[in-house]
Amino acid sequence: MTDNNKIAENIKYDAIKTEQKQRKIWDDSKLFFTGDIKKDTKKSYVLEMFPYPSGRIHMGHVRNYALGDVIARKNHAQGYQVLHPMGWDAFGLPAENAAMERGEHPGKWTYENINVMKEQLKLLGFSIDWSREFATCDQTYYKHQQRLFIEMFEKGLVYRKMSKVNWDPVENTVLANEQVVDGRGWRSGALVEQRELNQWFFKTTYFADDLIDALEGLNEWPERVISQQFNWIGRSEGLKFKFDLTHKFGDFNGLEVYTTRPDTLFGASFVAIAADHPIAKELAKNNADLEAFINDCKQSAVTAEALDTQEKKGFNTGLKVKHPFDDTWEIDIWVANFVLMEYGTGAIFGCPAHDQRDLDFARKYGLKVTPVILPKDADANTFAVENEAYSGDGSIYNSDFLNGLSIDAGKRAAIDKMVSLGRGEATKVFRLRDWGVSRQRYWGCPIPMVHCDTCGAVPEKIENLPIALPEDVTFDKPGNPLDRHPTFKHTKCPKCGSDARRETDTLDTFVDSSWYWARFCGLNPDAPTDLEGVNHWLPVDHYIGGIEHAVLHLLYARFFARAMKLTGHVNVSEPFKHLFTQGMVTHATFKSEDGKWVNPADVTIDGKNIFETATKKPVIMGAVEKMSKSKKNTIDPEYIVSTYGADVARLFVLSDSPPERDVEWSQAGVEGASRFVNRVYALFAKHALQSKTPVNETPNDADGDALAIIKAAHKAALNVTNAIDRFAFNAAIANMYELLNFLRNFDGKDDVKIINARGFALSVFARLLQPFTPHLAEEVWSLLGNDGFCVKAPWFEADLKYAIDDEVVIPLQINGKKRDELKVPKGSEQDYVLELANSSKAADIYLNGKTIRKVIFVKDRILNIVVSD
RNA sequence: GCGGAUGUGGCGGAAUCGGUAGACGCCACGGACUUAAAAUCCGUUGGGCUGUAAGGCCCGUGCCGGUUCGAGUCCGGCCAUCCGCACCA
């Protein structure tokens, strides 16, 4: 053992101290300050979904921001000008709850949390430009949001109406449709009630067609997000037309219905309306039985499972309509529990033969079932529908002028006829509704509108913005503190100057996060966006966050991009070019025998015995689940950072699983990452004992081991770069482990050429490490004798001359089974390889006495000889 | 019910273009160092059969089938798990 090695044995990497030192240097030199736009430099806008300031950061944040940081840092090294900002999604209910509990102002709680979390994020060494930080509860942010609201109002994208709303009785506020999951509030989990309230709406449906069409262009989005949005917007194309009532009823002489199957009109056997359809309501006034039925419908279940099993029920109103294509044909109108007022026109015609739901209904009430679509190869005289509706392809029959047509042609013909009769028109219907944004809460962006008895709802003047939240509020009573505030409500009409009432509802907090990506492009004090900034930086090149926002946030942000384009604040209609949705951080869960959750850190696993370390009481292992406080299976990132260092925390959350999948937190995995960091440091430190001269370019006089080292470095650079580009960070890290393992074979070797080659390989290695373990990378970068920052050193581009081996081992297959390996110079031709194969051991055994029928040769890949006896 | 994704050793996973399945890590086991342990370092590690040994053979990527000289990868059909939507007319 050389002296150097003896010294090296004692080399210990002090991650905690080194990381503090490095971060201070980065801060002092404003390393990640974006600065003014550099027009002649490639740009990269990397954005992770900004956090809600709940108190402390959790592992999910670490993974989210570590992912983005890899891309941002690699782009830095590649010479891009990078925009990598951070802010706070800071309005919302938890702050009000905290205010109630502590008697503090929600703003105080929020800003305190922001301070704590910002310090925690800084500990992790992310390459964030903190100079662009803002919180959505900053007046300097929501002021502009109020302006956007007013301008959208002026463009007709905002309106107010009385509407049935989803009322969350726990949060005491309204929820958007998207925020109701299985009939429950998405956050509170409370059963949602229906209430009638006057609400502000964003006209998301105005862009419905474009929101769905443009999905096709989002080819860097995950397929499942695209399909979720597609289903959510839910466009259907069909026919809206009017039935005539046989007898006028009150003010009603007709009934409008919507159908996607106008081709089956001659199979109609009933018409059904929703329980809250105006005709049903009117009828119920003089019909107690119907009233009872309607009330019954209203109370029916809201959950998915219940809907599934719920029986179809109807009430025959006694009213009838005439068939639109045959005056003499009369059809009963039923009120049915499965017809929704919110979709289409709230009324349908039922064709039981070709719709399962209609068939169930018809069978229950003994209604006629007339097939009008004849499957190919079926006999018109014998084809019948029993208990399964036929929804497949076929040709139309039993249908007068539609007979013989295909389904598509029949649809067109029926629509054309309906149009020529003046009874209807082709119509698109969307599942997507307009976005109700009024919330009866304090801690949100005030809606900048004024209600005047003469002028109606009038927007506040832009120069009066922000409409600021008053500070002197209390949370001791239920309801909205703004509404009961002594002065906030009282104002003058911006139009006529007379006494008026200020709107006291605030905006849904999803509004706040719908445009922050645009604000980051430049903190213009005078307008929502900086035009030069948005024109340069948008769209976001990489947007990274959780899959739980697949519909809500991402749909709203796409809507806002369109609205802001219309109002002249951005030039894109799609905000995010590449979307990446990362998996969760999970951890084992444990429960004590009395059913209480036990923190995994307090559990000892000794063979089959699992017990609480302190008390020795047995515990039961539960499922691996998303880290959550309630299940006590969280790991505090700050604890990991202070024990193992930020690099280890970052490395682990990226190394164990592909980023789009869940990663399971494990102590052993963390220790593995920590070993890696220490070994890497030791490798560099030992080298530094022998040389302090940086070798940043490929040495050209190497041979033997030195050449092998150089090749390994180039190969690693090629593989790691490719892996990062396809977001396979776990594979990138595996490649770095391989490089480490290889280079360790040459630890301490004192041959000059080896030292030189190793110095070069380490220079490459440091640069590959930089996006993943930046503190370590910068430290070892200077150990190699470099001035300046590793992150500023050019990203190492592999030379294929070195990265690709000049000798390859290819399999020799006989009849498709591998029988031997052949070492051949790269690019060897078939003749040469075949000759080599003939002299191999395998040839003796498998080729002797056989007839060669075919030879398959793929250069540098494989030789396969097909033989027979 | 509809739509989407996934399925590979004891575990997490790799295999980028149809061409050596199991890289890399974890766990486990053996060894070195140590009074001892931890740490560290060096090895072994898909299953089975066979051989004194070097080695050889068979099986193997959820299941069944197909295309191909060759399939984890492509095609058809199942099964399982997860996610989303769901009386949407």
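Every chain is numbered from 1, with letters handed out A, B, ... down the list of sequences.
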To the nearest angstrom, how far is Asn231(A) atom CG from A5(B) atom P? 13 Å
Comparing Ile862(A) and Asn730(A) on RNA chain B - which has the more 5′ nearest nucleotide: Asn730(A)
Close approaches to RNA chain B from residues 351-362 of chain A, in residue order (heavy atom, under 4.0 Å): Arg357(A)
From Tyr556(A) OH over to Thr204(A) OG1, what is the distance, rounded to the nearest 0.5 angstrom? 7.5 Å
Under the salt bridge (Lys or Arg N to Asp or Glu O under 4.0 Å) definition, can you give me all pairs with a residue in residues 262-276 of chain A, not counting sequence neighbours? Lys164(A)-Asp276(A), Arg261(A)-Asp263(A)
Using a 3.5 Å limit on both pairing distances, list the dot-bracket string of RNA chain B from the 5' end; Watson-Crick and G-U wobble pairs count, crossing pairs take [ ], interstrand pairs take |. (((((((..(((......[....))).(((((.......))))).(((((....)))))..(((((..]....))))))))))))....
By ring pair (Phe, Tyr, Trp, His ring centres under 6.0 Å) - contacts of His687(A) (at least two apart): none
Are the ring centres of Phe349(A) and Phe270(A) closer than 6.0 Å? no
OP1, OP2 of C87(B) versus side-chain N and O of Lys312(A): anything below 4.0 Å? no
Is Asn735(A) close enough to A23(B) that one of its side-chain N or O atoms is under 4.0 Å from OP1 or OP2 there? no
Determine the contact category for Val866(A): base if any of its heavy atoms lies under 4.0 Å from a base atom, sugar-phosphate if only primed atoms, P, OP1 or OP2 are that close, otherwise nothing. sugar-phosphate
Is Asn337(A) reaching over with its side chain to a backbone N or O of Ala275(A), donor-acceptor style, under 3.5 angstrom? no
So what does Pro658(A) hit on the nucleic acid, given a heavy-atom distance under 4.0 Å: a base, only sugar-phosphate, or nothing? sugar-phosphate
Compare the minimum distances between each of C85(B), C69(B), C88(B) and the side chain of Lys854(A), then state the nucleotide with the smallest one. C69(B)
Give the rounded distance in Å between these two atoms: CZ of Phe270(A) and P of A89(B). 14 Å
Using a 3.5 Å distance criterion without hydrogens, assess whether the side chain of Arg363(A) forms a donor-acceptor pair with backbone atoms of Glu386(A). yes
At 4.0 Å (heavy atoms only), tell me whether Val339(A) reaches a base, stays on the sugar-phosphate, or touches nothing. base
Basic-acidic side-chain contact under 4.0 Å: Asp296(A), Lys313(A): yes
Residue Ser227(A), side-chain heavy atoms: nucleotide from C69(B), G3(B), C85(B) that is nearest: G3(B)
So, is Arg224(A) near the phosphate of U6(B), with a side-chain N or O under 4.0 Å from OP1 or OP2? no
Determine the contact category for Ser655(A): base if any of its heavy atoms lies under 4.0 Å from a base atom, sugar-phosphate if only primed atoms, P, OP1 or OP2 are that close, otherwise nothing. nothing
Could you tell me how far apart Glu660(A) (CD) and G7(B) (P) are, to the nearest whole angstrom? 11 Å
Check every strand shown and say whether Asn864(A) touches a base, only sugar-phosphate, or nothing at a heavy-atom separation below 4.0 Å. base
Within the 4.0 Å limit for protein heavy atoms, which parts of nucleotides 25-31 of chain B are touched? Write it as a string from 5' to 3', B for base, S for sugar-phosphate only, - for none. SSS----
Salt bridge flag under 4.0 Å for residues Glu829(A) and Lys859(A): yes
Contact class for Gln228(A) vs. all strands (heavy atom < 4.0 Å): base, sugar-phosphate, or nothing? sugar-phosphate
N or O in side chain of Arg661(A) less than 4.0 angstrom from C83(B) OP1/OP2: no
Any carboxylate oxygen within less than 4.0 angstrom of a Lys/Arg side-chain nitrogen, looking at Asp725(A) and Lys74(A)? yes
Between Tyr365(A) and Gly314(A), is there a donor-acceptor pair closer than 3.5 Å when you use the side chain of the first and the backbone of the second? yes
Across all chains, not counting sequence neighbours, the ring pair (Phe, Tyr, Trp, His ring centres under 6.0 Å) partners of Phe746(A) are Phe742(A)
How would you label the contact of Val855(A) with the nucleic acid (heavy atoms, under 4.0 Å): base, sugar-phosphate, or nothing? nothing
Report the C-alpha separation of Phe727(A) and His578(A) in whole Å, then their side-chain angles, then the decisive distance to 0.1 Å, and conclude whether the ring pair (Phe, Tyr, Trp, His ring centres under 6.0 Å) test is met. CA-CA 11 Å; Phe727(A) 271 61; His578(A) 171 218; 5.0 Å; yes
Which residue lies toward the 5' end of RNA chain B, Ala728(A) or Glu342(A), if each is placed at its nearest nucleotide? Ala728(A)
Whole Å only: how far is the CZ atom of Arg261(A) from the P atom of A89(B)? 11 Å
Could you check whether Glu738(A) gets within reach of a base, just the sugar-phosphate, or nothing at all, counting any heavy atom under 4.0 Å? sugar-phosphate
Taken to the nearest whole Å, NZ/Lys364(A) to P/C87(B) is 18 Å
Report the nucleotide, chosen from C85(B), A89(B), U16(B), that has the shortest atom-to-atom distance to any side-chain atom of Ser236(A). A89(B)
Hey, can you tell me if Phe676(A) and Tyr737(A) have their rings parallel, tilted or perpendicular (30° and 60° cut-offs)? tilted
